[in-house]
Amino acid sequence: MALEGVMRPGHAQIRVLELDAAVHFYRDVLGLVETGRDASGRVYFKCWDERDHHSIVLREAESAGIDFLGFKVRDDATLDRFEAKLAEAGIATTSLPAGDLLETGRRVRFTLPSGHEIELYATKTSVGNGMPMVNPAPWNEQSETGIAPVRFDHALLYGPNIADVKRIFVDILGFYLVERVLGPDGETETALWLSCGQKVHDIAFVEHPEPGKLHHCSFLMDSWEKVLRAGDIMSKNEISVDIGPTRHGITRGCTIYAWDPSGNRFETFQGGYYPYPDYETITWTWDAFPQGLDYPQRKLHESFLSIVT
Ligand code: M3P
Ligand code: FE
């Protein structure tokens, strides 16, 4: 498969209330690898099996939430092409210079109608996964620290105007709609799961009146046993859990959701399936949303649906 255009979500900058407590959580409990700190005090992390310099950036702030989500595109020519396409569609972009984020090239940023800041970039230094490129071992000690997810996988964002957001992702950025939830009117799309490759989603949106909200950043585990072990590590460290372990009907992901010390929800998950762009979108009707959210319990969880940062 030729993966061109947008390749994957490459980074999220997350606001945290107390940097030291956050670094302890992301490094020692979630088990990400710290890769740098910049002059403005931001701390950079990657998951152990990611190769680019970072995927999670923490910024200390007065309120929790997400500053921006960045997608890596195939190359510089692709970045220029998307910048032109966004301009053609009347979407204002700003260009952030190379080096503004450590080890990262030029970024093209724009604001979604949902109020979220999205950026595209083509280059970030590859620091590797700690294993050699010739005859590597399957894992190393970095994969054995804390929860130790394999990669930053996707984010679920809450905000208004998700019909317009969908058009930008599908018509301009080349994503396709994998699954959706229809509202009580049987027509309006109230939640969307969009993919730019063969992941069951790279980004998801839920219609919500307040703009720019974060529901969760999600981290991939490489087995269901490791999701359960993540639950053990959360409990041992008194991390507050929202829901799970359970399985979504939507996307079929096997999952636990919990909160970082600032109240940002995160997900550790495994499973799902591998769609192609020609697959017909799966639709969940409003009456079936409880099993879409939690298949075994068939339950709408109030905290899961209402708490965002
Ligand atoms: C996911 C996922 C909802 C389901 C969310 C699903 C809002 O986050 O990773 O599949 O019901
Ligand atoms: Fe998720």
Side-chain angles (χ1 to χ4, degrees), residues 8-9 12 14 30 47 55-56 66 69 114 116 147 149-160 162 165-166 169 175-184 188-210 213-222 224 226-227 230-231 234 241-260 264-275 279 281-309:
R8 59 174 177 272
I14 297 170
L30 190 52
C47 298
S55 54
I56 297 294
I66 187 166
L69 181 65
S114 56
H116 299 95
I147 291 172
V150 175
R151 69 174 183 223
F152 168 49
D153 191 86
H154 64 266
L156 171 58
L157 306 177
Y158 269 42
I162 66 168
V165 169
K166 180 174 99 170
F169 275 91
F175 285 57
Y176 61 103
L177 185 63
V178 182
E179 302 205 14
R180 61 180 186 161
V181 176
L182 297 181
T188 312
E189 291 174 338
T190 62
L192 307 168
W193 283 259
L194 295 147
S195 180
C196 61
Q198 249 204 309
K199 283 157 61 183
V200 71
H201 57 315
D202 288 285
I203 188 160
F205 290 91
V206 168
E207 184 75 28
H208 182 73
E210 242 182 316
K213 291 294 173 182
L214 172 66
H215 186 276
H216 68 269
C217 284
S218 182
F219 297 91
L220 177 68
M221 306 303 299
D222 52 17
W224 173 230
K226 289 206 172 155
V227 177
M234 290 169 195
V241 170
D242 186 7
I243 65 168
T246 188
R247 184 216 272 276
H248 293 298
I250 300 163
T251 76
R252 297 191 216 148
C254 302
T255 181
I256 302 176
Y257 294 85
W259 284 286
D260 81 359
N264 294 301
R265 190 188 287 94
F266 68 97
E267 174 182 26
T268 53
F269 91 106
Q270 190 272 333
Y273 58 97
Y274 304 92
Y279 277 22
T281 299
I282 289 177
T283 296
W284 293 85
T285 54
W286 189 248
D287 59 305
F289 186 37
Q291 63 260 42
L293 202 166
D294 184 333
Y295 201 76
Q297 294 195 79
R298 296 183 165 235
K299 193 165 135 184
L300 293 178
H301 298 265
E302 175 59 26
S303 58
F304 186 78
L305 293 173
S306 60
I307 299 174
V308 287
T309 54

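For reference, positions follow the sequence shown, starting with 1. Just follow the structure's listing: the first ligand is 1, and inside any ligand the first atom is 1.
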Specify which N/O/S atom of E267 comes nearest to the Fe ion (ligand 2), by atom name.
OE1
Can you find a pair of side-chain heavy atoms, one from H248 and one from E267, that are under 4.5 Å apart?
yes
Can an N, O or S atom be found in H154 less than 2.8 Å away from the Fe ion (ligand 2)?
yes
The option among Y158, F304, F205 carrying the non-hydrogen atom nearest to atom 3 (C) of ligand 1 is F304
Between I147 and A230, what is the shortest heavy-atom contact and its length?
CG2-CB, 3.7 Å
Tell me which N, O or S atom of H216 sits nearest to the Fe ion (ligand 2).
NE2
Does even one non-hydrogen atom of H216 get within less than 4.0 Å of ligand 1?
yes
Answer with side chain, backbone, both or neither: which part of H215 has a heavy atom less than 4.0 angstrom from an atom of ligand 1?
neither
Find out whether the Lys NZ or Arg CZ of R252 is both under 6.0 angstrom from the six-membered ring centre of Y273 and within 45° of the ring's axis.
yes
Nearest neighbour in protein (non-hydrogen) for atom 1 (C) of ligand 1
Y257 OH, 3.2 Å
Ligand 1 versus W284: contacting region, heavy-atom distance under 4.0 Å:
neither
Would you say that V206 contacts H215 through its side chain, given a criterion of any heavy-atom pair below 4.5 Å between the two side chains?
no
Closest non-hydrogen atoms of L30 and F266, given as atom of the first, atom of the second and distance, are CD1-CE1, 4.1 Å
Side chains of I250 and E179: does their closest heavy-atom pair fall under 4.5 Å?
yes
Restricting to non-hydrogen atoms, name the atom on Q270 and the atom on L220 that form the minimum distance, rounded to 0.1 Å.
CA-CD1, 4.3 Å
Number the atoms of ligand 1 from 1 as they appear, then name those within less than 4.0 Å of a heavy atom of F289, with their elements.
11 (O)
For ligand 1, which atoms sit closer than 4.0 Å to a heavy atom of T251?
2 (C), 10 (O)
Just need the protein heavy atom nearest to atom 6 (C) of ligand 1, so name the residue and atom and give the distance.
H248 NE2, 3.3 Å
Classify the ring geometry of H216 against H154: parallel below 30°, tilted from 30° to 60°, perpendicular beyond 60°.
perpendicular
Per-atom contacts of ligand 1 with H154, taking only distances under 4.0 Å to non-hydrogen atoms:
9 (O)
Show which atoms of ligand 1 fall inside a sub-4.0 Å distance from at least one heavy-atom site of H201.
2 (C), 9 (O), 10 (O)
Would you say that more than 12 heavy atoms from the other residues, nucleotides or ligands in this model lie under 6.0 Å from the OH of Y295, or not?
no
